[in-house]
Amino acid sequence: MSDVLTMRVVDGIGVVEIDSPPVNALGFNVRKGLWQGFETHIADPAVKAIVLICGGRTFFAGADITEFGKPVQEPDLRQVIDLVESSPKPTIAAIHGTALGGGYELSLGCNYRVAVPSAKVGLPEVNLGLLPGAGGTQRLPRIVGVEAALDIMLSGAPMAAGKAQKLGMVDAVVEEGRLEEGAIAFAKTVVAEGKPLVKVRDRAVEANPDAVAAMTKKYSRLFKGFKAAANIVKTVEAATSLPFDQGMARERELFLELRGSNESKAQRYAFFAERATTKVPDIGKDVAILPVKSVGVIGAGTMGGGITMNFVQAGLPVTLVEMNQEALDRGLGVIRKNYERSASKGSITAEQVETYMGLIKPALGLEALGEVDLVIEAVFEEMSVKKDIFGKLDTICKQGAILASNTSFLDVNEIASATSRPEWVVGLHFFSPANVMRLLEVVRGAKTSKEVIATSMELAKTIRKVPVLAGVCFGFIANRIMAKRTIQAEQMVVEGVPPARIDKVGTDYGFAVGSFGMMDIVGLDVLTRGQTERSLRGDFVAAGRLGQKSGGGFYNYDENRKASHSEEAAKLIADFAAYKGIAQNPDQSDEDILFRLLLPVANEGAKCLEEGIALRASDIDMACILGYNWPLYTGGPMFWADTIGLPRVLEKLKEFQAKFGDEFKPAALLEKLAAEGKSFTGE
Ligand code: T1G
């Protein structure tokens, strides 16, 4: 008997229980257990109906993603579902936790599904660049129709049991905590009623081209770069036009196409990469997590306001400190306006707006921070200002308070040196907008204690961020390596490649905005703050071309901020190129433009690994995906470099180095891995 299978018969109802931590993923061992369990109960004359239930935290949470890319060991999931569906006895899936992907598909092989109120069901394969490949695309439309099926599969969102019941995805909701009893009672009723058994596969489904068009429009972003959504639509169209078994064959064909794609490999890689970031080699579970029940934020500007929102939304009170009432009132006003906008869109309630605002305690002066457990400084990016503040915090804050800086670039060790307690100082680097972007770089100073790091990594989860541990260097990880893209963009534009051409290469690759479009958004005056020597950006500022805010920067903008070519910008670029004596080279290929933009980013990532600034390549990829919206379906700079192949990456960097100089000098680690036939990510 499989070690994950337990069987019993209760009043003539055969129970198949699987318990395979952590989430009962449908790996080979689990499938074997299911096969044994159902074969036995089907053959047992004492069994009148069969209940399928899971031990542990959840019903099956899907196929075992770690098995993809390995040879399939039979029975595969579709075979198991076929066995369940062939049962001559009523079959009932008893759902708790999250029945997702193959887990919910397995339940669709049963005649009925019952769930506890807290359970959720869903088909989130699209998030992995896949589609439900065990019959979900053929069975779900037969229950909820084309429109709802597409909405469920394209959103990938889990659905609460109550709503699922309304859609027919669940047949009954039973008492919380009494799932098995409820499922057995349901099974007995089915047996007693003796109704003919209906298989989901035998239900009818109607074509609905309007719904397909509506859902394709609703999820249009999934049809650029990603591949899964288009295939999901095709499978649903097959469900309405082909007999079930032919529809299943079509599903299989479209599933395999996705499973082998780089896009899905990148998304599956990112799934595990996101869960790996909290694993810090020298900080085990024995390291204490310190209590953080109250927070202080210094600075009510854009960053301080966004940071404050993260914590109040997690239910933590925030003392928000500014140096003058006018700045404090302005900051509070921006936060309230943000929440009221969310409430007007229905994403939060009016009561939540007041709850969140009620958790903010505005204050003038640092003295208000004496009793908070964590302080986050989010003031001007100037070292002297930060050191002055940390020196004062050292005298004001209670012992055991964590003192964090939201600095984007500056040396956390130097900031810590302004205090007598450097072991309590850490960088907590949020990305703008701080209440939206999921990346939190946790910057570990030379003296930062393990407890402070462990607490910071845990706190990230509390505020729904993904923490990436970074060492101290200029720009830490994401800003440091992504700066290389901007350097190359500006280098190419003064070589005569038009900004729009460079930006299009970037947006065709998958970035939402190109480098020059982004500079125009941020504002060239902001980007040249503190600059002394002449620069291209400085020339634009001098000419009054600040970007979108002034109606023009690298592009001209109409009243709707639609960008168009600017002859004035072109002239400024040409004048600066002439002043610097830059050789013109306007006809570079799109591939060379892409490689010049992005290979230096991967190369800088390799240096971060060499220097110990980043723990692992996948952390670097997470930082870029979650901090800079690097397109998920490419996996991030390191995974993308691996898909190109490090020997080719090395060859191109050396070619560029010969042409354009040492900015392209390959990192020693890249040379080593390429020579050894290895990759950054081990994928
Ligand atoms: N396969 C393998 N491991 C998995 C897994 C899975 N499907 N889901 C989770 N894990 C591991 C995860 O790596 C972590 O491991 C631990 O379980 C806890 O996860 C044929 C093709 C279920 C909502 O996409 O959404 O079915 O780090 O930290 O926050 O059509 O995990 O502890 O070593 O995320 O409580 C479809 C993916 C698969 C669901 C729980 N299913 N999982 O969240 O814990 S494809 C999914 C989740 C498929 C079929 C298709 C979440 C969760 P470790 P966790 P959590």
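For the single chain, residues carry numbers from 1 onward in sequence order. FYI, side chains are in, hydrogens and waters are out, and symmetry mates aren't considered; it's all heavy atoms of this structure. As the structure lists them, so they are numbered: ligands from 1, and atoms in each ligand from 1. Predicted model only: the values in this text are computed from it and were never measured.
Side-chain atoms of Arg139 do not come within 3.5 Å of backbone N or O of Val200 as any donor-acceptor pair. The closest donor-acceptor contact from the side chain of Asn435 to the backbone of Asn310 lies at 3.5 Å or more, if one exists at all. For Thr240 (side chain) and Val205 (main-chain N/O), no donor-acceptor pair under 3.5 Å exists by modelled atom type.
Residue, atom and distance of the protein heavy atom nearest to atom 21 (C) of ligand 1 are Phe68 CZ, 3.5 Å. In this structure, the protein non-hydrogen atom closest to atom 12 (C) of ligand 1 is Arg275 CD, 4.0 Å. Of all protein heavy atoms, the one lying nearest to atom 55 (P) of ligand 1 is Arg57 NH2, 3.4 Å. For atom 42 (N) of ligand 1, the closest heavy atom belonging to the protein is Phe271 CZ, 3.5 Å. Looking at atom 1 (N) of ligand 1, its nearest protein heavy atom turns out to be Ile65 N, 3.0 Å.
Taking the charged nitrogens against the carboxylate oxygens, Arg142 and Glu206 have no contact shorter than 4.0 Å, which rules out a salt bridge. A salt bridge does not link Lys227 with Glu257: every distance from a Lys NZ or Arg NE/NH1/NH2 to an Asp or Glu carboxylate oxygen is 4.0 Å or more. By the 4.0 Å N-to-carboxylate-O rule, Asp171 lies close enough to Arg113 to be salt-bridged with it. Salt-bridge formation is not detected for the pair Lys265/Asp642: no Lys NZ or Arg NE/NH1/NH2 atom is positioned less than 4.0 Å from an Asp or Glu carboxylate oxygen. We find that Arg250 and Glu253 are joined by a salt bridge, their nearest charged nitrogen and carboxylate oxygen being less than 4.0 Å apart.
Within the 4.0 angstrom cut-off, atom 32 (O) of ligand 1 has no protein heavy-atom neighbours. The nearest protein heavy atom to atom 52 (C) of ligand 1 is not closer than 4.0 Å.
Which parts of ligand 1 touch Phe272 is read off a 4.0 Å heavy-atom cut-off, strictly below it: atoms 13 (O). Close approach of ligand 1 to Leu128 (heavy-atom distance below 4.0 Å) involves ligand atoms 24 (O), 38 (C), 45 (S). Contact atoms of ligand 1 toward Glu105: 20 (C), 30 (O), 49 (C) (distance under 4.0 Å to a heavy atom of the residue). Remark: ligand 1 atoms within the under-4.0 Å shell around heavy atoms of Gly62 are 26 (O), 41 (N). Within ligand 1, counting atoms from 1 as listed, the ones closer than 4.0 Å to a heavy atom of Asp64 are 1 (N), 2 (C). The Pro22 neighbourhood of ligand 1 comprises atoms 16 (C), 17 (O), with distances under 4.0 Å to a heavy atom of that residue. Listed by number with element, the atoms of ligand 1 under 4.0 angstrom from any heavy atom of Pro132 are 30 (O). Those atoms of ligand 1 that come under 4.0 Å of a heavy atom in Lys279, given as number and element, are 27 (O).
Inclusion of Leu100 in the set of residues having an N or O under 3.5 Å from an N or O of ligand 1 is not warranted. In terms of N/O distances under 3.5 Å, ligand 1 is approached by Ala63. Checked by distance only, ligand 1 and Val23 stay at 3.5 Å or farther apart across all their nitrogen or oxygen atoms. For ligand 1, the polar-atom distance check against Thr66 finds no nitrogen or oxygen pair separated by under 3.5 Å. Backbone and side-chain nitrogen or oxygen atoms of Thr98 are examined, and none is located within less than 3.5 angstrom of a nitrogen or oxygen of ligand 1. By the 3.5 Å distance cut-off applied to N or O atoms, Gly102 is counted among the residues near ligand 1.
By the 30° and 60° cut-offs, the orientation of the rings of Tyr339 relative to Tyr356 is tilted.
Comparing Gly101, Gly133, Ala61 by heavy-atom distance to atom 41 (N) of ligand 1, the nearest is Ala61.
In this structure, Arg259 does not count as a contact residue of ligand 1, since none of its heavy atoms falls inside 4.0 Å of the ligand.
Taking the side-chain hydrogen bond (donor to acceptor under 3.5 Å, both in side chains) definition, one finds that Asp202 meets it with nothing, sequence neighbours left out.
The local environment of NZ in Lys465 is crowded, with over 12 non-hydrogen atoms from other residues, nucleotides or ligands closer than 6.0 Å. Other residues, nucleotides and ligands contribute more than 12 heavy atoms inside 6.0 Å of the CZ atom of Arg8.
Of the N and O atoms on the side chains of Gln138 and Thr235, not one donor lies less than 3.5 Å from an acceptor on the other residue.
Residue contacts with ligand 1, taken as heavy atom pairs separated by less than 4.0 Å, do not involve Tyr104 at all. Looking at Pro124 against ligand 1, only its side chain comes within 4.0 Å, counting heavy atoms.
Residue pairs meeting the ring-ring contact (aromatic ring centres under 6.0 Å, His included) criterion with at least one partner in residues 256-283, sequence neighbours excluded, are Tyr269-Phe639.
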Task: Full working for salt bridge (Lys or Arg N to Asp or Glu O under 4.0 Å) between Glu105 and Arg78 - done: CA-CA 9 Å; Glu105 290 178 287; Arg78 291 169 304 147; over 6 Å; no

